[in-house]
Structure formats: structure tokens, C-alpha cells
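Inspection log for the structure reproduced underneath, given as C-alpha cells.
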Amino acid sequence: PPRSTLFPYTTLFRSLRSVGIGGGVLWLMAWAVGVAAAADPATITSRLTEIDTVRSLRAAEGVPTIPESAYASILSGDVETGIVSVEGHAAKKAWGLAVVDAPIERLWAAINDDLGGVAYNKLEMSEVVSGTRCNSGRGVLQLLPVPWVTDRWWITFITANDAISTATSGRVRENTWQSNNDPSLVTTTTGQAAMEAGIPIEFTKGAWFMADIDGSSTLIEYYVWSDPGGSVPAGLASRMAAGGIEDTIEAVTKFANEGQPGCM
């Protein structure tokens, strides 16, 4: 289509090109920071083989297959992304893959700090509406102000995969999320005001999968499947989401390394 007809959508996705820090949707702050891996390529390759032995313990469902060529690319510090069609749905799944120069403990703290992460993203607000901050099983309401179209809100329930963490002594970790945008879950005045300021997305689900490489660098495998709803075409949203995953990984790495995640 002509660029003029895409203006509202391209403007929109400068704000919401990607999905989810800890389970929040459409999370983005495009920091110009490097995520190139400091780990030795041989060490990464060896660890990938070890990581494969525990993949059967993953809790996330419907994880898209990442091509072997992408794993080869991350040995030189690249961030790889892609999209996968879903039969019967306009919305596509998007995935990202990287080895970043940050320890797994701090990255884990960053993706679980829904409140502290607001300082690093474009969210208007983030509020725990069920469960406890930082803890598995919590529900989080988030609102994103969006130029030219109606603001979006969502509630995601975030679950840590204790089985894979226990089996690997914390060297492999996974968070999964699934949305449930039931407005009755929100009882605070701030939360209710956030919902009145926007409309809910259709759905989101996905996962962060992380594995320690050498104590100071970490493999990240990220996937998300979401539909922002409203007047935004789901197919366009999916294509833009894939482009924003690198920004999301960079932002989480920056928060982990330079910020003070509250979920250590």
C-alpha cells in the first residue's frame, strides 16, 4: 500500500512494535545498546547441546521452531528474529534469539520487574492486580498510550517454570504468559482509569526462555503471539512485532545491566 495509507500504523508501531517484558504486551523502548555476546563461540555451541537435553521440560505451548541457521548466526553476536504463520489466524507468532552480555540472574530480575520496567519502556502504567509483585502466578495490568489510534490495555498472567529451573540449578529458566482481559480482575481506581483510557487487546501469549552460558552471558529465546485488536490489522502487527524484538532484547539487557531490577 502507499506510505500515506500506512501512516497511522507505522506511527503506532513506533510505540508498540514488540510484545512483552515479563508478560506485558506491546513492550518497547528502542535503546541503542549492543547485545553482542562476549562468550566464546565454542562455549556457546557446547552449551546449546546441553540445553537441548532439558527442552522437554519447557512449559510454553506452541513455541515456533527456530531454524538452525539462526543459532549459527548468534555465535557472532547477531540477534535473529522471524515470524511463523498460524493456520486459521491472521496474527502470526514472532520469535527472537540472541546471546547477550548479561548474567541470567539480572536478566531474570529485569523481566519479572513489571513495575520497575516502566522506567525503561513507553508504558503509561503497570500494576499488579493479582498475586504478588515479582512472583509466579501474578496478573499484571498494563496500559500503552498509542498515537493516532486508541490506547491499548491488557492483563497477563505470568508463570515461572519451576521444574526446569530446579533441574538445572537455575542455569535454565522460563517464564510463560497468557492474557485474560477480564475487567472484573481490576479493582483499584488507577487500574480502572487505565482501562477507561483505552481498549483491550484481543490476546497475547508467549514465553521468555533463558540459559546461562558462562556466568556472564545468557542465551535468550523469546516468542510471542498476539493480536492488538481494534483497527490494527493482526497481520501487520505480527510483521512489526518481529522487527521490534531486537529492541525488546536490547532494552531488557540495558535494564539488567544498568538499572536496578527490583526482583533480584
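Side chains included, hydrogens not; waters and symmetry mates left out as well; all remaining heavy atoms used. Owing to the predicted nature of the structure, the values given are computational and were not obtained by experimental measurement.
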Is there a side-chain contact between [X] and [Y] (heavy atoms, below 4.5 Å)?
{"X": "Pro261", "Y": "Val252", "result": "no"}
{"X": "Ile220", "Y": "Leu107", "result": "yes"}
{"X": "Glu80", "Y": "Ile74", "result": "yes"}
{"X": "Lys92", "Y": "Val84", "result": "no"}
{"X": "Val172", "Y": "Phe209", "result": "yes"}
{"X": "Lys93", "Y": "Val224", "result": "no"}
{"X": "Trp208", "Y": "Trp108", "result": "no"}
{"X": "Asp113", "Y": "Arg133", "result": "yes"}

How close do [X] and [Y] get, counting heavy atoms only, and between which atoms?
{"X": "Gly259", "Y": "Arg106", "value": "O-NH2, 3.1 Å"}
{"X": "Ala207", "Y": "Thr176", "value": "CB-CG2, 4.0 Å"}
{"X": "Ile83", "Y": "Ala94", "value": "CG2-CB, 4.1 Å"}
{"X": "Val79", "Y": "Ala98", "value": "CG2-CB, 3.9 Å"}
{"X": "Ile51", "Y": "Ala211", "value": "CD1-CB, 3.3 Å"}
{"X": "Ser226", "Y": "Ala91", "value": "O-CB, 3.5 Å"}

Side-chain donor-acceptor distances from residues 59-71 under 3.5 Å, at least two apart:
residue : atom : partner : partner atom : Å
Tyr71   : OH   : Glu221  : OE2          : 3.0

Tell me whether [X] contacts the main-chain N or O of [Y] through its side chain, where contact means a donor paired with an acceptor under 3.5 Å.
{"X": "Ser76", "Y": "Ser73", "result": "yes"}
{"X": "Thr253", "Y": "Ile249", "result": "yes"}
{"X": "Asp227", "Y": "Glu202", "result": "no"}
{"X": "Thr81", "Y": "Ile245", "result": "no"}

With sequence neighbours left out, what residues match [X] under side-chain hydrogen bond (donor to acceptor under 3.5 Å, both in side chains)?
{"X": "Thr159", "answer": "none"}
{"X": "Arg58", "answer": "Glu174"}
{"X": "Thr43", "answer": "none"}

| query | Got more than 12 heavy atoms from elsewhere within 6.0 Å of CD, Gln192? | reply |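 Check passes, neighbour count above 12.
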| Which residue pairs pass the disulfide (SG to SG under 2.5 Å) test when at least one of the two sits in residues 145-201, sequence neighbours left out? |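 Listed once each, the pairs would be none.
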| query | What pairs meet the disulfide (SG to SG under 2.5 Å) rule with one or both residues in residues 123-217, with sequence neighbours excluded? | reply |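 Residue pairs with at least one partner in residues 123-217: Cys134-Cys263.
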| said: Before you tell me yes or no, could you show the steps for Arg152 and Leu143 under side-chain contact (heavy atoms from CB on, under 4.5 Å), namely the whole-Å CA-CA distance, both residues' side-chain angles and the distance that decides it to 0.1 Å? | reply: CA-CA 6 Å; Arg152 294 298 197 274; Leu143 173 71; over 6 Å; no
Taking only residues two or more places apart in sequence, or in another chain, which ones meet [X] in a side-chain contact (heavy atoms from CB on, under 4.5 Å)?
{"X": "Glu196", "value": "none"}
{"X": "Gln178", "value": "Lys205"}
{"X": "Ser130", "value": "Phe157"}
{"X": "Asn181", "value": "Trp153, Trp154, Ile155, Ser179, Pro200, Ile201"}

Does any donor atom in the side chain of [X] or [Y] lie under 3.5 Å from an acceptor atom in the other side chain?
{"X": "Trp225", "Y": "Thr204", "result": "no"}
{"X": "Asn161", "Y": "Asn175", "result": "no"}
{"X": "Thr188", "Y": "Glu127", "result": "yes"}
{"X": "Ser217", "Y": "Asp214", "result": "yes"}
{"X": "Arg138", "Y": "Asn112", "result": "yes"}

| Do Thr218 and Val99 pass the side-chain contact (heavy atoms from CB on, under 4.5 Å) test, and can you show the C-alpha distance, the side-chain angles, and the key distance before you say yes or no? | CA-CA 5 Å; Thr218 305; Val99 173; over 6 Å; no
| request: Could you walk me through whether Ile104 and Arg173 pass side-chain contact (heavy atoms from CB on, under 4.5 Å), step by step? | output: CA-CA 9 Å; Ile104 191 170; Arg173 307 185 191 192; 4.0 Å; yes
| request: May I ask whether Leu185 and Leu141 are part of the same hydrophobic cluster, defined by side-chain heavy atoms of I, L, V, M, F, W, Y residues being less than 4.5 angstrom apart, directly or through others? | output: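 Leu185 clusters together with Leu141.
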| request: To the nearest 0.5 Å, tell me how far Leu219 CG sits from Ile44 CD1. | output: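 With rounding to 0.5 Å, CG (Leu219) is 8.5 Å from CD1 (Ile44).
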| query | Can you tell me how far the OG atom of Ser136 sits from the CD1 atom of Ile158, to the nearest 0.5 Å? | reply |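 Output value for this atom pair is 9.0 Å.
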| field | Glu50: partners by salt bridge (Lys or Arg N to Asp or Glu O under 4.0 Å), with sequence neighbours left out | value |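 Once residues adjacent in sequence are excluded, the partners of Glu50 under the salt bridge (Lys or Arg N to Asp or Glu O under 4.0 Å) criterion are Arg47.
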| Listed partners of Arg171 passing salt bridge (Lys or Arg N to Asp or Glu O under 4.0 Å), at least two apart |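 Listed in chain order: Asp212.
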